[in-house]
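To start, the structure under review is shown below, and the notes come after it.
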Amino acid sequence: MTIRLHDTSARQIRDFVPLTADCVSIYLCGATVQAAPHIGHIRSGLNFDIMRRWFTYRGYDVTFIRNVTDIDDKIIAKSAEQGRPWWSIGYENERAFNDGYDVLGCLPPTYEPRATGHIPEMIEMMRGLIERGHAYEADGNVYFDVRSLPGYLELSNQELDDLRQPSGEGETGKRDPRDFAMWKAVKPGEPSWETPWGRGRPGWHLECSAMAHKYLGSAFDIHGGGIDLIFPHHENEIAQAKAYGDTFANYWVHNGWVTLAGEKMSKSLGNSVLVSEMVKHWRPIVLRYYLGTPHYRSMIEYSEEALREAESAFARIEGFVQRVTEKVGETVAPAAEVPPAFAEAMDEDLGVPQALAIIHTTVRQGNSALAADDKEAAAARLAEVRAMLGVLGLDPLDPQWAGEGDRGEDLHGVVDTLVRMVLDQRQSARARKDWAAADAIRDQLNQSGLVIEDSPTGPRWTLGPR
């Protein structure tokens, strides 16, 4: 068994070899909490949740760090715009992100450090970089000297002479315009912390280098994030860490965007689809299926049509789970191991689309067993399906999704009573062989968005796809 991952720094898929046997250390760039999350933000957390689950299934002890950027230019701008404290905005949106991760079934991280909780570690790193000649102070700012580090820009594969480094307001005193700010001098009305170089606040890149060092040490296995972070964020993280003396990440893994009308989904474009709103209209498990089943490196073009297709595809899986459970008369436990073909797909750079094809094939085999009244074979296929779905966080029988299966949970009992009354009328029509009336009742229910299935224990209803 060898897990292989696409390493951005190597530009190829590599065999995964952990630094410590049977252990995996992962650092994921998490939320910048200036606003509530859209599904593009949550996709990254979900992709790495699946990675974590697969490593755990393969027997690794996983340490998973997902940071929170709770101070930056955007949060400060929102504070001024809304007339609210920066920390109030940050905390409110941090909770919204965690709600989004939770509702879509992401496991909580091992640690979730905030940037503002690690100022001493940042100061220590800056002090070390200045002493080593890789950083300098100017006008209360602390900058990293990019020319001091051979190999800078190897991750993003750029040429230093062509570099255009993003700069913020007040970044004065640079020796080279390509140098980047690790610490920003205080400006009136902004939050600040005391340092040997005056009061100020951290730059975006410094926090992750310092927190990865604190929680994972000088070397760790995997650093993750969206492809938009390759430059400048991840490139500058590497520069700080390696100049400080760390080996830093052994593998760099990046997920693709969720796009809308061909553009990256972002707050600045005003095209975000908030998780809090999406779950009012779509079941969370369907959203997880939609965001988690494409390959993590692929782009997802958002559309309601694509979501409806995902809903229909998951309904086929979920319907099989329900039918076998009814047929067997008890809950079938997940198999101890996933099928070899599923494992092979997941081992090869987390090939979820190929793994999902194995799930659907197994569902079809199980349905054939049900049609042949072979309960033993159907139960065996269900056990395999549950094991595979569990790895993806999509098992509808998992307690995570308890009570989630029906939209409008509070009304479910009322709707069920009304539908049962209509189904009783349909059963009476069938008993007197009035097939036209029975079919008419079924068609009317279908037009209302309900799917009626005749099972061995009697008719049952489910909500159909949109």
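All values below were derived from every heavy atom in this structure, side-chain atoms included, with hydrogens, water molecules and symmetry-related copies excluded. Numbering of residues begins at 1 and proceeds along the displayed sequence.
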**Study point:** Intermediate values then yes/no, side-chain contact (heavy atoms from CB on, under 4.5 Å), V385 and V363
**Key:** CA-CA 7 Å; V385 167; V363 166; 4.0 Å; yes
Practice problem: Might you work through the salt bridge (charged side-chain N to carboxylate O under 4.0 Å, His left out) test for D347 and R4, ending with a clear yes or no? | Solution: CA-CA 6 Å; D347 282 341; R4 289 161 52 79; over 6 Å; no
Practice problem: Go through D72 and K74 one step at a time and tell me if the salt bridge (charged side-chain N to carboxylate O under 4.0 Å, His left out) criterion holds. | Solution: CA-CA 6 Å; D72 84 331; K74 295 175 182 178; 5.6 Å; no
So N47 and H295, side-chain contact (heavy atoms from CB on, under 4.5 Å) or not? Walk me through it. CA-CA 9 Å; N47 287 153; H295 194 275; over 6 Å; no
>> Using the rule given for ring pair (Phe, Tyr, Trp, His ring centres under 6.0 Å), can you reason through H118 versus Y215, listing the C-alpha separation, both sets of side-chain angles and the distance that settles it, and then say yes or no?
In response: CA-CA 11 Å; H118 297 80; Y215 291 95; 5.4 Å; yes
*asked:* For Y91 and V33: C-alpha separation, side-chain torsions, deciding distance, then whether side-chain contact (heavy atoms from CB on, under 4.5 Å) applies.
replied: CA-CA 8 Å; Y91 184 62; V33 289; over 6 Å; no
Exercise. Evaluate side-chain hydrogen bond (donor to acceptor under 3.5 Å, both in side chains) for Y27 paired with D221, printing each intermediate quantity in order.
Key: CA-CA 8 Å; Y27 186 96; D221 292 306; over 6 Å; no
D349/H6 under side-chain hydrogen bond (donor to acceptor under 3.5 Å, both in side chains): CA gap, chis, key distance, verdict: CA-CA 6 Å; D349 196 30; H6 185 272; 5.8 Å; no
Test log, rule side-chain hydrogen bond (donor to acceptor under 3.5 Å, both in side chains), inputs K187 and S192: CA-CA 8 Å; K187 292 196 281 288; S192 63; over 6 Å; no
Output, in order, the C-alpha distance, side-chain angles, deciding distance and verdict of side-chain hydrogen bond (donor to acceptor under 3.5 Å, both in side chains) for T362 and E384.
CA-CA 8 Å; T362 309; E384 293 172 346; 4.6 Å; no
TODO: Go through E337 and Y57 one step at a time and tell me if the side-chain contact (heavy atoms from CB on, under 4.5 Å) criterion holds.
DONE: CA-CA 9 Å; E337 296 184 0; Y57 172 82; 3.6 Å; yes
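Using a cutoff of 4.0 Å between basic side-chain nitrogens and carboxylate oxygens, R283 and E311 are not scored as salt-bridged. Taking a cutoff of 4.0 Å between a charged side-chain nitrogen and a carboxylate oxygen, R147 and D145 do not qualify as a salt bridge. One finds no salt bridge joining R114 and E207 here, because no Lys/Arg side-chain nitrogen approaches an Asp/Glu carboxylate oxygen to under 4.0 Å. Residues K174 and D179 are not paired through a salt bridge, judged by the lack of any N-O separation under 4.0 Å between the basic side chain and the carboxylate. The pair D73-R201 meets the salt-bridge criterion, with a side-chain N (NZ, NE, NH1 or NH2) lying under 4.0 Å from an Asp/Glu carboxylate O. Using a 4.0 Å cut-off between a side-chain N of Lys or Arg and a carboxylate O of Asp or Glu, R308 and E305 do not qualify as a salt bridge. E318 and R323 are not joined by a salt bridge, as no carboxylate oxygen comes within less than 4.0 angstrom of a charged side-chain nitrogen.
Taking the six-membered ring where tryptophan is involved, the planes of H41 and H38 are essentially parallel, since the angle between them stays under 30° and well short of 60°. Using cut-offs of 30° and 60° for the angle between ring planes, the H223 and F220 rings count as tilted. Ring pair Y101/F97 is tilted by interplanar angle, where 30° to 60° counts as tilted. The aromatic rings of F55 and Y60 lie perpendicular to each other, with more than 60° between the two planes, well past the 30° mark. Using a 30° and 60° split on the angle between ring planes, F144 and F180 fall in the parallel class, below 30°.
Surrounding CD of E301 are more than 12 heavy atoms belonging to other residues, nucleotides or ligands, all under 6.0 Å away. No more than 12 heavy atoms of other residues, nucleotides or ligands sit less than 6.0 Å from atom CD of E376. Heavy-atom contacts from other residues, nucleotides or ligands closer than 6.0 Å to CZ of R11 number more than 12. Crowding of E190 atom CD: a count of heavy atoms from other residues, nucleotides or ligands under 6.0 Å exceeding 12.
Of the inter-residue distances, the one linking L291 atom CG with S44 atom OG reads 11.5 Å to the nearest 0.5 angstrom. The NZ atom of K264 lies 10.0 Å from the CE atom of M299; values are rounded to the nearest 0.5 Å. Between atom CZ of residue R95 and atom CG of residue D99 there is a gap of 7.0 Å, rounded to the nearest 0.5 Å. The distance from the CG atom of N157 to the OG1 atom of T8 is 11.5 Å, given to the nearest 0.5 Å. Here Q34 contributes atom CD and E92 contributes atom CD; the two are 12.5 Å apart, rounded to the nearest 0.5 Å. We find the CH2-CE distance between W183 and M126 to be 5.0 Å, quoted to the nearest 0.5 Å.
Contact check for V142 versus L129: no side-chain heavy atoms found under the 4.5 Å cut-off. In this structure, the side chains of W193 and I123 stay at 4.5 Å or more apart for every pair of heavy atoms. You'll find the side chain of C29 reaches within 4.5 Å of the side chain of C208, heavy atoms only. Using a 4.5 Å heavy-atom threshold, the side chains of I317 and H360 count as touching. Counting heavy atoms from C-beta outward, Y244 and R132 have side chains that approach closer than 4.5 Å. The shortest distance between side-chain heavy atoms of L350 and I3 does not fall below 4.5 Å. The shortest distance between side-chain heavy atoms of Y289 and I285 does not fall below 4.5 Å. Residues S25 and T20 form no side-chain contact, since every pair of their non-hydrogen atoms from C-beta on lies 4.5 Å or further apart.
Judged purely by distance below 3.5 Å, without hydrogens or angles, the side chains of T56 and R53 never pair a donor atom with an acceptor atom. Using a 3.5 Å distance cut-off with no hydrogens or angles, the side chains of T2 and D15 do not pair a donor with an acceptor.
Residue P396 comes nearest to L389 through the heavy atom pair CD-CD1, 3.8 Å, listed as atom of the first residue, atom of the second, then distance. Smallest separation of non-hydrogen atoms from R52 and P109: NH1-CA, 3.8 Å. Closest of all the heavy-atom pairs between H213 and S218 is ND1-CA, 4.2 Å. Here the shortest heavy-atom pairing between L229 and G225 reads CD1-CA, 4.3 Å. Between A35 and K78, the shortest heavy-atom distance links the atoms CB-NZ, 3.9 Å. Contact record, P232 with Q165: CB-OE1, 3.7 Å, taken as the closest heavy-atom pair.
Proximity of a side-chain donor or acceptor of D7 to a complementary backbone N or O of S9 within less than 3.5 Å is detected. Although no hydrogens or angles enter the test, the distance criterion places a donor-acceptor pair under 3.5 Å between the side chain of Y136 and the main chain of R175.
Taking the centre of each ring, H205 and H234 stay at or above the 6.0 Å mark.
The salt bridge (Lys or Arg N to Asp or Glu O under 4.0 Å) with R288 is formed by just one residue from the set D49, D395, D102; it is D49.
A cation-pi arrangement is found for R14 relative to Y251, the charged atom lying closer than 6.0 Å to the ring centre and inside a 45° cone about the ring normal.
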